[in-house]
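See structure below.
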Amino acid sequence: MVNEHDVVVIGGGFSGLYAVHKLRDQLGLDVQGFDTAGGVGGTWWWNRYPGCRCDFESVHYSYSFSDDLQREWEWSERFAAQPEILAYLEWVADRLDLRRSFTFNTRVTSATWDESVSRWIVRTDDGWTHTARYVVSGVGVLSVPKSPEFTGVDSFEGELYRTSSWPHEPVDFTGKRVAVIGTGSTGIQVIQEVAKEAAHLTVFQRSPAYAAPLGNGPVDPAQRRWNADHHAELRAGSRQRFIGVPYDLATGPALAATPQERREIFDKYYDRGGFPLLVSTFTDILFSKEANDTIAEYVRERIRERVEDPATAELLTPTDHPYGSKRPPFETDYYEVYNRPNVDLVDVRKAPIEAITPTGVRTSDGSGDFDVIILATGFDAITAPQVMLNVTGRDGVTLAEKWADGPTSLLGSQVAGFPNFFMIVGPQSTAVFYNAPLAIEDAVDFTAGAIARVEAEGAKTIEPTPEAERIWGELCAGILDLTLIPQAEKAWWLGGNIAGKARGAYMFVGGAPLYRAIQAEVAQRDYAGFAMGTSSAPLSPLLKLSPAAALVLGATLVGDSQPSQEMTVEGIRARSAGLSQLQLPGPQMRVESIDHPRARVYIPDADGPLPVLVYYHGGGFLAGSLDLADSPARLLAASLGAVVVAAGYRLAPEHPFPAAPDDTFDALRWVHASIGEYGGDPERIVVMGDSAGANLAAVAALRARDAGIDLAGQVLVSPPIDPDASTPSRTEFADGPILSAASIDGMWAAYLNGGEVTPLAAPNRAESLTGVAPALVVTVELDPLRDEAEQYAGALAAAGVPVEQHRFDGLFHGALSMTAVIPEVQELYAVIGGFLQKHAARRVAAETA
């Protein structure tokens, strides 16, 4: 028989329950759910092994979409155990009347797209067939156990248990010889408990983990009630944090702290327990091997302190991967287990398991007999749960075939060629790096929004365009490669724990705030990157970010960030000053400070006279300083072999237009008159600016022409040219990233202070551009100011000025001043060097002739 539905939902855990509620109760669709389990709970229905619990605090590892649910449920432990989490999900299912939309003890055996009717044909193991316009897969990322890499499992004559499918009845280990194979998160949890009962426990370990304390404990009744009543306060800001919990923000780079400061911070968060050790200590832990070594060695030291036997301690001490490059496990007295006389540790790297025998385990070193064997060998993660559904899309292509070389998707939500098939936190989503209930809610809300849009438009299908899918995959891979994660070769995050599985970017590691920003922008722009029926909206700007730029943007979104147009002048200046953390310190060299005009002269160790670069910092006419200009000035001087003069100027609104152009031109006149005293050549002066400083450089070039100062060139990096500019880029990137059209308008207003807009503010309004210095105009792709800068380059060229133009794709406004984190800065310096050499050398050749 065939049943017809609007939506089939697969899975009855966090994802499936919320999907049914959202699609059935809020969108009014006919929804049918299925789960292989005997009831709701998902992974928490299956994983019942001793010690099974969550490693996110209970108040955060729960739904946030309903104030009533949060207020009515009280958690008894800081980190809830499996029975309580399962009870919570059962309670939610009853509270929202969700069970009636599910059929349990029923496995989906296949889902096949029928192009002729634009419906999915879903078959189940009870012999029924169902059709639906949409399929929503909520099968999770850790629901398919990994097959053991050894033989003989079925031959064992004792008790054999898999942690992923534990019996519902209690298992008694009293007086028994027990073997546990595997020491990942699951293995660590079960080992802690089994060791308390077993007559003897033997642990077979291949890869030791950087386990740290969980910090669990009971919550007294008064505190439980307070937590429930104050859930909004406790969870405020969760979605603006990297992993979806409002932990303390990291203090800065580990390498900028002293050893004593690092030790104090590590101690604080190690003792507190849980994920703060990874996310609240230092910002460079996952990006710098040298920084990572500081926390890795700290955890190793703590392991050695807790394990009495030095040889055992060394076996438990990881050295083959950076800290955090695998999902860090958390424990309660795990290392003390190995101080017990009834516990042994076997290193299967030295003595690999060859087979399970009828009586026990055989390794290359010999055999051991056991009464009980527990397999905690992990999962075929992320892709396998989707592949196991036997999904076939357009043209008979299966999901397994599509992902033969690694997963592809758009946002981890959909796959090109599989219309109307939605994955909740699927491959290349941020699920692994984002508190699961919140990630699930975001994914379900996005899915529901997309379905509602398809219904409203009367379209039959929605799916990613191949281009958008490719670009998302490249962004996921690019960000991943900027981290230390790929150094953990066997990590399930990369597919490395399964023999023959394609290695690739299985997840998005840019953090929840960045992922949510991209997700929201895609939805706001008519589901940009998705084809709805036969039409598709242009790509979302944030999808075009380079990996490094994406990480920087993600960092700005963490915490209580505020749009620049809503910030006070003091806030804008504080944010500008904070950009120094994104800059390299720059090489040491001779630096002279000048009081009148206010400037610093950077003199490289080279024979002169040298070409001269007069550099004007950015900051929207409101912010910036000589201190912020220090890094680029040093790097420019060293890389170009030029004397660099960083010129200061008065800032608006205290000193509105024309204070800044007057100050910067005064600095240029001083340079022309006096730079010879510092080894510079007054006949080879180039003015350069970034952002607002580029506007001031363009104006200075005009004034130099009129004053008879013959410049060798002008370098304009992302200049704002005209307050009244109306260009496609101002529209396309009106909301940023980083710089919005509204903030541009606000800066211009503060700078001009109601005054007349003259060519000293808007250089494109000059009566003539003829005769100004040769120009290099540099723009970035994702910038509201891009087009007006490029139009100015065109106007200069039309006036007969030699012009070179260079656009950096994938970058946002200001990125080219972030010398420590944006690799393209080196390319920029090379471009400037070529420009400087061409025009300064031409000047020298002409003078020699």
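Predicted, not measured: the structure shown is a model, and the values here were computed from it.
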Is it true that the side chains of E441 and Y18 contain a donor and an acceptor less than 3.5 Å apart? no

Just to verify, what does I485 make a side chain to side chain contact (heavy atoms under 4.5 Å, CB included) with, not counting sequence neighbours? F433, L480, T483, W493, L494, M507, V509

Parallel, tilted or perpendicular: which one describes the rings of F266 and Y298, with boundaries at 30° and 60°? tilted

Can you give each donor-acceptor pair under 3.5 Å made by side-chain atoms of residues 211-221, sequence neighbours left out, with the distance rounded to 0.1 Å?
| unit_1 | atom_1 | unit_2 | atom_2 | d |
| --- | --- | --- | --- | --- |
| N216 | OD1 | F79 | N | 2.8 |
| N216 | ND2 | E77 | OE2 | 2.9 |
| D220 | OD1 | A222 | N | 3.1 |
| D220 | OD1 | Q223 | N | 2.8 |

Lys/Arg-Asp/Glu bridge criterion (N-O < 4.0 Å) met for R573, E570: no

What pairs with Y515 under side chain to side chain contact (heavy atoms under 4.5 Å, CB included), at least two apart in sequence or on another chain? L411, S429, T430, W472, F508, Q519

Within residues 79-88 or reaching into it, pairs that qualify as side-chain hydrogen bond (donor to acceptor under 3.5 Å, both in side chains) - sequence neighbours excluded: S76-E84

Value rounded to 0.5 Å, distance of CZ in R241 from CZ in R235: 14.0 Å

Suppose we screen for side chain to side chain contact (heavy atoms under 4.5 Å, CB included). Which residues come up paired with S58, at least two apart in sequence or across chains? W75, A80

Q386 and S137: side chain donor to acceptor below 3.5 Å: yes

What orientation do F446 and F530 show, parallel under 30°, tilted 30 to 60°, or perpendicular over 60°? tilted

Residues at least two apart in sequence or cross-chain that pass side-chain hydrogen bond (donor to acceptor under 3.5 Å, both in side chains) with Y323, listed by chain then number, are none

Got a salt bridge between R525 and D735, using NZ or NE/NH1/NH2 to carboxylate O under 4.0 Å? no

Just verifying a value: how many Å separate Q581 CD and T283 OG1, rounded to the nearest 0.5 Å? 6.5 Å

Got more than 12 heavy atoms from elsewhere within 6.0 Å of CD, E305? yes

Please tell me whether F733 and H813 form a close aromatic pair, meaning their ring centres lie under 6.0 Å apart. no

Going by the rule side-chain hydrogen bond (donor to acceptor under 3.5 Å, both in side chains), which residues pair with R225 if we only count those two or more places apart in sequence or in a different chain? E74, D229

Go through the structure and list residues passing side chain to side chain contact (heavy atoms under 4.5 Å, CB included) with E90, not counting sequence neighbours. V40, L86, R99

Aromatic plane relationship, W91 with W73 - under 30° parallel, 30 to 60° tilted, over 60° perpendicular: tilted

Ion pair R300/D293, N-O distance below 4.0 Å: no

Going by the rule salt bridge (charged side-chain N to carboxylate O under 4.0 Å, His left out), which residues pair with R262 if we only count those two or more places apart in sequence or in a different chain? none

For E301, salt bridge (charged side-chain N to carboxylate O under 4.0 Å, His left out) partners two or more places apart: R263

Partners of R453 by side-chain hydrogen bond (donor to acceptor under 3.5 Å, both in side chains), sequence neighbours excluded? E457, D526

Taking the six-membered ring for Trp, are Y247 and F242 ring centroids under 6.0 Å apart? no

Could you pull out the closest heavy-atom pair between P329 and S185, with the gap in Å? CB-OG, 3.4 Å

Test side chain to side chain contact (heavy atoms under 4.5 Å, CB included) on L278 and I285 and set out the steps. CA-CA 8 Å; L278 176 64; I285 293 298; 4.2 Å; yes

Shortest non-hydrogen contact between E521 and L542, atoms and distance: OE1-N, 2.8 Å

Hydrogens and angles aside, do S66 and R95 bring a side-chain donor and acceptor to less than 3.5 Å of each other? no

Among all residues two or more places apart in sequence or in another chain, which pass the side-chain hydrogen bond (donor to acceptor under 3.5 Å, both in side chains) test with Q260? E264

